[in-house]
Amino acid sequence: MQSISPGGVPGNWNASPSPHIRSGATTRGLMRDVCVALTPALACGVYFFGWQSLRVVIACVVSSVASEYVYQKLAKRAVRVNDLSALVTGLLLACGLPPTAPWWLCAMGGVTAIVLIKQIFGGLGQNFFNPALGARTILMISWATFMTASMAAQPGVMTGVDTVSIATPLAMKYADAAQAPFSIGRLFLGDVPGMMGETSKLALLIGLAYLLARRVITWHIPVSFIGTALILFAIKSGSIIDGGAAGSPTQSGLYQILSGGLFLGAIFMATDYVTSPIHPWGKIVMGAGCGLILFVIRAYNPAYPEGCSFAILLMNLVTPLINRVFRPKMFGEQPAPAKPKEAKASA
Amino acid sequence: MSNPGAREYRFPGGFHPRDCERTKALTSSAPLTPFAPSERLILPLSQHIGAPGEPLVKKGDSLALGQVVASIKAYVSAPVHSSVSGTVVDIAPCMLPSGVAVPSIIIQNDYEDRWDPSVTPDPAPESRTPAQLRERIRAGGLVGMGGAAFPTAVKLNVPEGQAADTLLINGVECEPYLTCDHRSMLERTDELLDGAILTRVILGAKRVIFGIENNKPDAIKSIRDAIQRANIPDCTVAELPVRYPQGGEKQLIYAATGRKVPIGALPVTIGVVVLNVATTIQVSVTLRTGKPFVERAFTVTGRVREPKNLVVRLGTLVSDLVDACGGLEPDAVKLVLGGPMMGVALSRLQIPVTKGSSGIIALGLEDDIPDESPCIHCGRCTRACPMKLQTTMIDMYVRKRRYEAAKASGVMNCIECGACTYVCPAKRQLTQMCRVGKRMVPLLVK
């Protein structure tokens, strides 16, 4: 009989539980898509801030991937550097650091993100903060002077780093409230001071389009995050386009959402699978919550002009709760029958 | 417009399996071919959901084709009939793919195919009462042939106080590779229609709907033409877009009628009874000719040299069928009994075809199952779940043995369709964890 089993050895068949066919989606593929989507934003950062700023990206990526490898080796866990999640963390971290960040600051960021925020809690999928964002916030608190120093964009100037640091659009608004330091167009293209990957909204939107087209993320978080912020700032200032009643164009809804790290956070940070809700309504609540917290920090705390990181981190913390509350109804699940309250009260 | 005037209902979750078209094309034009029964057959005495049968024969007994070999006492049960004429060689436990050893009758075929005298045709089943027809179906050993193998007579007995207004014939065959239902719809259209009409009489149902996916346009046309020729009222074909797991009972009912089966309830509570096409054809055969359930259509496909659709006697060894299809390709590494999404991987080929098995698929290395990696909470499993369960949570709870929490997350409502595992980028065994949960919860959670 020819049909015994491969190699004629009986009982050597592959046996595993069903299903026996799988889709082509892989963790590595998803992470690679995120890397591709981040490329335009980082490329714009390097273009506007000069070649020297590329070393921020390299330092972040190398430190993140190396930390992951070394930690997994030392902890005797399976080395999963190949899933590219540490690469994504490195790139996201670079996006959130100033182009002037010294290499040791980047390395501190990489180690903090991977070891302190991700691996200590069990590795991929177990962290409750977005690693890159958590690390960035720790750096922000620990080395505020390095973190807030930005530099003027020098499009096309491929020289060394200009040591003169200048304030970001959001920090500027308090110094000169009467007129906007940057036009909406410049804010959109990214020709403004800021962090490596946050300045060009155009590049970030290209990344968003790619992520949506590849079905890596859904629209819920970015749209509800940016939308909530836009509406709240527009209501406060009375205008979407210009300063309106508040008298300052920097307070308008559009200026606010195009400034700072809002787009970067809404598209790449708040949508992190591990630390954001799973179900559609939960995602909308997450995005709206981020928008609200960001608005409160930016609008009511003059000492701290940028609130995106804290907004997302705070919503990361309530993600498990959101997942519980916004559980979708099972197929065929009936609405819970009204409890006979009165009968109980009288008893 | 495929269903004029009908609204399209889309069940939640699901996906279009990749390679569905390519894998079905291996056998979709291979006509049903009778497979001459082999010398030796193994007939398990329990091939259905419900109480097992008691053997009525002993070693050395002579058997006629269609003779009852296992009796039934319980209500939810089905008798087993000899699928050839011959001699009982032995009665011994046989390990079925489920991992359960079932007492089985080993038969030496005498190649005479002598029918048992109890097998008598009925010239006018239409004139019988529903109870008489149900009894004949019960005696014929009919069970659902789509895989679940639930006794058909029990399904067709509408409980007191309830009424079925719709008979839904399941011709979806949403599993990749399998085409035996497709071929049966094409080649046995008249028997299919006859079985549906007789079943409608038994149920006292108003309408009959055939649910078929639009990747089988020839079957849809064949059935529509037959309905038109015979001028049957209230009998329609619902042409459904390809979407796995549309063949799931609850999913098909929603897609074809827009009705949702409440959690924990049977379809009949919302007036629907679903019957697989193969079962419906067998209803016609048994009611008209008196022949019990002794053979079924069976797809042999994948990495075999000549993929085929065979009509196979129950108890035939799968190894004989693979040999009849030219044997396995050298690179076959896995043998799946049933569809690739819900079928069971076999550890050996020497197992018998039973009432609920619809095919054997040999898979190559390209379908090797990758190792699991950590869950990244992407939510694809919950989006693919046709029951809208929180699969990521169930996976975590079951692995941590938190069965109360798994139950609260709805694990008992899992239909084990495999959609979550199919879409998982981390390649986690989510369906298997749901299965574990479904077995453990009744044991450990009060």
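Residue numbers begin at 1 in each chain, while the letters A, B, ... track the order of the sequences.
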(request) Give, for atom SG of Cys385(B) and atom CE of Met330(A), the distance between the pair rounded to the nearest 0.5 Å. (result)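 With rounding to 0.5 Å, SG (Cys385(B)) is 10.0 Å from CE (Met330(A)).
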(request) To the nearest 0.5 Å, tell me how far His377(B) NE2 sits from Thr319(A) OG1. (result)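 Nearest 0.5 Å value for the NE2-OG1 distance: 10.5 Å.
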On a heavy-atom basis, which atom in [X] and which in [Y] lie closest, and how many Å separate them?
X         : Y         : answer
Ala345(B) : Ala15(A)  : CB-CA, 3.8 Å
Pro374(B) : Arg80(A)  : CD-NE, 3.5 Å
Phe331(A) : Gln251(B) : CD2-NE2, 4.1 Å
Pro19(A)  : Ile369(B) : O-CD1, 4.0 Å

I'd like to know which of [options] tops the heavy-atom pair count under 4.5 Å against chain A.
options                                    : value
Asn413(B), Ile376(B), Asp367(B)            : Ile376(B)
Met387(B), Glu416(B), Lys260(B), Lys334(B) : Lys334(B)
Gly343(B), Ala426(B), Pro17(B)             : Gly343(B)
Gln432(B), Gln429(B), Arg380(B), Met342(B) : Arg380(B)

Within a strict 4.5 Å, meaning less than it, do heavy atoms of the [X] and [Y] side chains meet?
X         : Y         : result
Ser373(B) : Asp83(A)  : no
Thr392(B) : Ile278(A) : yes
Pro17(A)  : Thr431(B) : no
Lys427(B) : Ser23(A)  : yes

Counting only non-hydrogen atoms closer than 4.5 Å, does [X] touch chain A with its backbone (N, CA, C, O), its side chain (CB onward), both, or neither?
X         : value
Arg259(B) : neither
Asp368(B) : side chain
Val261(B) : backbone
Val318(B) : neither
Cys378(B) : both
Leu346(B) : backbone
Pro176(B) : side chain

(message) Test your reading of the model: is there a side-chain donor-acceptor pair from Arg348(B) to the backbone of Trp13(A), 3.5 Å cut-off?
(response)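 Not a single qualifying donor-acceptor pair exists.
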(message) Testing the 3.5 Å rule here: is there a donor-acceptor pair between the side chains of Arg327(A) and Thr382(B)?
(response)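 Short answer, no.
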(message) Name the residue from Gln390(B), Lys388(B), Arg383(B) that meets the side chain to side chain donor-acceptor pair (under 3.5 Å) definition with His279(A).
(response)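 Single pass found, and it is Gln390(B).
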(message) Are there over 12 heavy-atom neighbours, none belonging to Arg77(A), within less than 6.0 Å of that residue's CZ?
(response)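 For Arg77(A), atom CZ is crowded (more than 12 foreign heavy atoms under 6.0 Å).
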(request) For atom OH of Tyr69(A), decide whether the heavy atoms of other residues, nucleotides or ligands shown that lie under 6.0 angstrom number more than 12. (result)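 Counting other residues, nucleotides and ligands, OH of Tyr69(A) stays at 12 neighbours or fewer.
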(request) Sort out for me which of Val274(A), Ile21(A), Leu124(A) touches chain B most, counting heavy-atom pairs under 4.5 Å. (result)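 Among Val274(A), Ile21(A), Leu124(A), the one with the most close pairs to chain B is Ile21(A).
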(request) Name the region of Arg28(A), side chain, backbone, both or neither, that has any atom closer than 4.5 Å to a heavy atom of chain B. (result)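 It is neither, since no heavy atom gets under 4.5 Å.
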